Each structure stands twice: as structure tokens, then as C-alpha cells.
Amino acid sequence: MYEDLIEKALFARKNSHSPYSKFKVGVALLTKDNKVYTGANVECSSYSLTICAERVAAVKAITDKHKVFKAVAIASSGKELIFPCGACRQFLSEFSDNMDVILIKSKNDYQIYKLQNLF
Ligand code: THU
């Protein structure tokens, strides 16, 4: 069902700018009208200014006037799946009813959660 989104998240990881943590995160976001926006984490030497991959994809979609999200797929360069941070959960929740969150370990190994269940 989410194969395309998963592949795009894995691909988007390549564009991560993460010289400090060396931890790459890639995201693919599906909007209500079936557009896909990708994002990767962008780090800053002042670490609190780092922007997670989820919010990079979200602001791309929002500033393109696609403001309702159906699903987000998240891949990292780590071996385990990663959960979105609290700030990203809050951010995504303001632009979705109760979107699917797909946490990717590898192309064929992933878990699907509802955003509200992660709060
Ligand atoms: N990061 C994300 O981009 N998304 C997440 O869901 C968790 C963490 C980034 C922030 C930082 O650049 C790096 O991963 C390590 O925390």
C-alpha cells in the first residue's frame, strides 16, 4: 500500500545535511490530494536549530498550499526504526486528522502507526 512512499523516504535520506550527528533521516509525506513531498534533516552547529526531516517535508507541502496530510514515511540511517520527536508529532498533528505514520527499518520491514497513538 505504501511501497512508493517508503521508497521515496529511503531515497530522500541521501539529501540529509547531518555533519554533526552523522544520522541521516529521510521522509516522504503524502497529502490529501495524493501529492508526495520529501524531506531530510538539516543540522546547524547550534544544534537546537536543527530541523527534522518531518518538518522539512511538511513546510515544503504547506508552502505549496497542500495543508492536509494523510501519511508520512520515515527512514533513518540507523538499524532500528525511529519515532518522530515530540515537536514533529505536534507539528504534523496540526495538518492532519489522524495520519498514518510509517516507520521504516528497510524496504520490506516497516510498522504503521496512527499519529494519535504516538501522543
Ligand atoms: N531527526 C529527524 O530528522 N527526525 C526524527 O524523527 C528524529 C531525529 C534528526 C534530527 C537530527 O538531525 C538527527 O536526526 C539526530 O537526532
Side-chain angles (χ1 to χ4, degrees):
M1 178 186 183
Y2 284 127
E3 285 75 17
D4 180 56
L5 207 63
I6 288 166
E7 271 190 30
K8 286 184 167 137
L10 288 164
F11 191 74
R13 205 173 47 180
K14 292 185 174 59
N15 295 331
S16 162
H17 176 77
S18 42
Y20 304 103
S21 75
K22 315 259 190 252
F23 190 75
K24 294 173 186 272
V25 182
V27 153
L29 184 73
L30 180 67
T31 68
K32 188 183 165 193
D33 37 3
N34 293 319
K35 290 221 32 158
V36 175
Y37 288 87
T38 58
N41 53 327
V42 179
E43 295 183 349
C44 182
S45 61
S46 172
Y47 204 68
S48 63
L49 298 180
T50 288
I51 309 176
C52 293
E54 293 88 334
R55 275 175 288 149
V56 170
V59 296
K60 282 166 75 177
I62 294 158
T63 54
D64 220 6
K65 296 197 171 153
H66 295 279
K67 301 188 182 181
V68 184
F69 308 153
K70 284 203 296 202
V72 63
I74 306 164
S76 82
S77 54
K79 284 204 174 69
E80 294 305 311
L81 41 79
I82 56 155
F83 288 83
C85 74
C88 287
R89 292 178 206 193
Q90 177 67 39
F91 198 98
L92 292 171
S93 76
E94 301 203 7
F95 297 93
S96 97
D97 228 359
N98 191 7
M99 66 195 296
D100 286 338
V101 180
I102 303 124
L103 307 181
I104 306 166
K105 239 186 191 175
S106 65
K107 194 177 165 196
N108 299 308
D109 188 2
Y110 55 89
Q111 295 174 14
I112 304 179
Y113 292 83
K114 282 283 176 192
L115 183 61
Q116 296 307 323
N117 294 340
L118 297 179
F119 268 106

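Heads up: numbering here begins at 1 and tracks the sequence. What you are looking at is a predicted structure, and each value in this text was computed from that prediction instead of being measured. Ligands are counted one by one from 1 in listed order, and the atoms in each one are counted from 1 as well.
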Below 4.0 angstrom from a heavy atom of [X], which ligand 1 atoms are there? Numbered from 1 as shown, please.
X	answer
P84	6 (O)
F23	13 (C), 14 (O), 15 (C)
V25	1 (N), 2 (C), 3 (O), 4 (N), 9 (C), 14 (O)

What residue and atom, counting heavy atoms only, is the protein's closest point to [atom], and at what distance?
atom	value
atom 15 (C) of ligand 1	Y47 OH, 3.4 Å
atom 3 (O) of ligand 1	A53 N, 2.9 Å
atom 12 (O) of ligand 1	E43 OE2, 2.6 Å
atom 10 (C) of ligand 1	T50 CG2, 3.9 Å
atom 9 (C) of ligand 1	N41 ND2, 3.6 Å

Is the closest heavy atom of [X] to ligand 1 under 4.0 Å?
X	answer
F83	yes
I82	yes
C88	no

Under 3.5 Å: N/O of [X] near N/O of ligand 1:
X	value
E54	yes
C52	no
S21	no

Give a yes or no on whether [X] atom [atom1] has more than 12 heavy-atom contacts from other residues, nucleotides or ligands under 6.0 Å away.
X	atom1	answer
D97	CG	no
F83	CZ	yes
K60	NZ	yes
K107	NZ	no

Any side-chain heavy-atom pair of Y2 and D100 under 4.5 Å: yes
Spacing of I6 atom CD1 and D109 atom CG [to the nearest 0.5 Å]: 10.0 Å
Side chain to side chain donor-acceptor pair (under 3.5 Å) partners of residues 72-88, not counting sequence neighbours, each pair once: none
Distance-minimising heavy-atom pair for C88 and R55: SG-NE, 3.2 Å
Donor-acceptor contact present, side-chain N41 to main-chain F23, <3.5 Å: yes
